[in-house]
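In what follows, every chain begins at residue 1, and chains take the letters A, B, ... in the order their sequences are listed. These numbers come from the heavy atoms of this one structure, side chains and all, not from hydrogens, waters or symmetry mates. The shown structure was predicted, so the numbers you read here are calculated from the model rather than taken from an experiment.
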Number of protein chains: 2
Amino acid sequence: MAATNEDTIATRICRILAERIVTGELEPGTKLRQDHIAEEFGTSHVPVREAFRRLEAQGLAVSEPRRGVRVATFSLEAVREVAEMRAALEVLALRHAAPHLTPSILDQAEEATVEADRARDVRSWEEANRRFHRLLLTPCGMPRLLAAIDDLHAVSARFLFATWRSDWEVRPDHDHRAILAFLRQGRTENAAAVLERHVQRIGQKPAKNASGGAFAIVG
Amino acid sequence: MAATNEDTIATRICRILAERIVTGELEPGTKLRQDHIAEEFGTSHVPVREAFRRLEAQGLAVSEPRRGVRVATFSLEAVREVAEMRAALEVLALRHAAPHLTPSILDQAEEATVEADRARDVRSWEEANRRFHRLLLTPCGMPRLLAAIDDLHAVSARFLFATWRSDWEVRPDHDHRAILAFLRQGRTENAAAVLERHVQRIGQKPAKNASGGAFAIVG
DNA sequence: TCCGCCGAAATTATAGATAATATTGGAATC
DNA sequence: GATTCCAATATTATCTATAATTTCGGCGGA
């Protein structure tokens, strides 16, 4: 059994809606109508409302009382804000995780990097990239910090998918490799510095891919 | 009319419960029973459940599916974690806010410091302290960052109230004054450095007040 | 005396129904 | 022809009721 037994209905609805918002299937500003969603999932609207509250907390939806819930919009400024928050928090997490990083973990992170470089589409690149970050940060043992970073990752991924809808080009990720190299040498501060720059690249204008007003998102 | 017209019932319940949890009126681990709370507020349990979801997101309550919601417990480790997150995020906010700080704002922050030094009880000290931080950080213009800091502040305040239940001694806050002095000179990085140390004092053992296993919380 | 089992009570989670509010379209007026 | 007002509609926020799950007490057996 894998898909059927999700803890609570609200949890499942929240997860699925979050995925739709992040991947761009639900566009910014779209109205989320509780009765329609309830009907789609074959439930009443009560769990739907609970799911809304969670999406709101994650910054994926905004709710105006008596006027409904909408998919959150995002500006270039919001992208930068999230990038800076991620940079600050991931550096903090890495500093605490570094002492607990084993060669095995670093090897797995390297595998994730290789997989990201081989990715043929945004979706699989994002998954590998996220795995890389998670592998390095989880050993910090700070659950609240990790949860906050996860939420920011979701928002970042949203920007990522919005920018690179279909055209995705493979680029080897030098930052990831540099971070791993420093960590293998025990040079945590150097690794943290690279990570900080790396994450802040989110929201920067692309170097060459200047078609339209699109902006590049990595990290 | 001030108290009657709160946007939505769920919002009001959430705010009041949050206050009770933060001040310690509701102790860690206490079961939050939706029907009882609904009865107290004269509503059904549906808005209560929505309030629970928000409290959960703020880290003030934890919910186990089908087993109810409890006031979140906190360990010394959790205190340190929140302190470090606050340090990282407040430094980030201060760096962005610094260019927009006016003499008027700095004067108001100084007033808040004076007021904190004069505070006769924890409650009013906390309020003045929070105002100090908010005044300096709000001009950064990063709403998501400020919201995250606010949530962390609430959790910090919880630890604060839990530690200093009744015995509160006045101590002039040198850190706040140093931060203001640096900001007046335009030395943002020095101010940020002091702020970082300052916030991280949360969760450190007290210097002299070593009665029982209590730990000091400031910030 | 201690352990496990069973049943009643309490509590959560969901469904269906109702009241209040916002939105939309059209008609009347300027 | 444009604008404002009003009624019909759609949607949200809430309440009441029902089903399912957990907890807690006592009871019997080892």
Side-chain angles (χ1 to χ4, degrees), chain A residues 1-21 25-73, chain B residues 1-21 25-73:
Chain A
M1 307 291 167
T4 52
N5 268 354
E6 191 94 23
D7 261 348
T8 176
I9 296 183
T11 305
R12 203 186 67 206
I13 295 176
C14 175
R15 190 177 47 77
I16 293 177
L17 288 182
E19 194 178 313
R20 286 186 193 165
I21 294 173
E25 186 182 333
L26 284 170
E27 293 189 13
T30 306
K31 262 186 143 176
L32 297 174
R33 276 165 298 205
Q34 57 184 22
D35 284 356
H36 296 199
I37 295 171
E39 195 181 3
E40 178 194 338
F41 287 94
T43 70
S44 88
H45 56 251
V46 180
V48 176
R49 292 180 62 78
E50 292 189 33
F52 283 172
R53 293 291 103 80
R54 289 192 194 173
L55 291 173
E56 212 184 333
Q58 288 170 27
L60 295 177
V62 288
S63 151
E64 292 177 279
R66 295 245 158 235
R67 304 187 72 183
V69 177
R70 290 173 175 278
V71 176
T73 59
Chain B
M1 306 290 168
T4 53
N5 266 354
E6 190 95 24
D7 260 347
T8 175
I9 295 183
T11 305
R12 203 186 67 204
I13 294 177
C14 175
R15 189 177 48 76
I16 293 177
L17 288 183
E19 194 177 314
R20 286 186 193 165
I21 295 173
E25 186 182 333
L26 285 169
E27 293 191 12
T30 307
K31 263 185 141 175
L32 296 174
R33 275 163 299 204
Q34 56 184 24
D35 282 355
H36 295 200
I37 295 171
E39 195 182 3
E40 178 193 338
F41 287 93
T43 70
S44 87
H45 61 255
V46 180
V48 176
R49 292 180 63 76
E50 292 188 35
F52 283 172
R53 293 291 101 80
R54 290 193 192 171
L55 291 172
E56 211 183 334
Q58 289 171 27
L60 294 177
V62 290
S63 148
E64 293 176 278
R66 298 244 159 231
R67 304 188 75 185
V69 177
R70 289 175 174 278
V71 176
T73 59

Determine, stepwise, if the pair A:Ser63 / A:Arg53 fulfils side chain to side chain contact (heavy atoms under 4.5 Å, CB included).
CA-CA 8 Å; A:Ser63 151; A:Arg53 293 291 103 80; 3.5 Å; yes
Would you please test B:Leu60 and B:Arg54 for side chain to side chain contact (heavy atoms under 4.5 Å, CB included) and show each step?
CA-CA 9 Å; B:Leu60 294 177; B:Arg54 290 193 192 171; over 6 Å; no
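Proximity of B:Arg67 to the phosphate of D:dT23: a side-chain N or O atom is located under 4.0 Å from OP1 or OP2. Contact check, B:Thr8 against D:dT12: no side-chain N or O comes under 4.0 Å of OP1 or OP2. OP1 or OP2 of D:dA13 has at least one side-chain nitrogen or oxygen of A:Arg49 nearer than 4.0 Å.
Taking the side chain of A:Arg66 as heavy atoms from C-beta on, and the options C:dA22, D:dT21, D:dC15, the nearest nucleotide is C:dA22.
Summarising the geometry, the separation between CD on A:Gln34 and C1' on C:dA20 is reported as 13 Å, rounded to the nearest angstrom. One atom, CZ of B:Arg33, and another, P of C:dA13, lie 14 Å apart when rounded to the nearest Å. Counting to the nearest Å, the P atom of C:dA22 and the CZ atom of A:Arg70 are 15 Å from each other. Between B:Glu39 atom CD and C:dT12 atom P the separation is 13 Å, expressed in whole Å. Rounding to whole angstrom units, CD1 of residue B:Ile9 and P of D:dT14 are separated by 5 Å. As a whole-Å value, the separation of B:Asp35 CG from C:dT14 P is 15 Å. The NZ-P distance, from B:Lys31 to C:dT11, rounds to 7 Å in whole Å. Atom CD in A:Glu64 sits about 9 Å away from atom P in C:dT23, given to the nearest Å.
Rounded to the nearest 0.5 Å, atoms CG (B:Leu17) and CZ (B:Arg12) are 10.5 Å apart. Here the straight-line distance linking atom CD of A:Glu27 with atom CZ of A:Arg20 works out to 14.0 Å at 0.5 Å rounding.
In this structure, the side chains of A:Thr43 and A:Ile13 come closer than 4.5 Å at one or more pairs of heavy atoms.
In this structure, A:Pro65 and B:Gly68 both approach DNA chain C, and ranking their closest nucleotides by distance from the 5' end singles out B:Gly68. Mapped onto DNA chain C by nearest heavy atom, B:Leu32 and A:Ser44 fall at different nucleotides, with B:Leu32 at the one closer to the 5' end.
For a distance-only test at 3.5 Å, the side chain of B:His45 fails to qualify as a donor-acceptor partner of the base of C:dA15.
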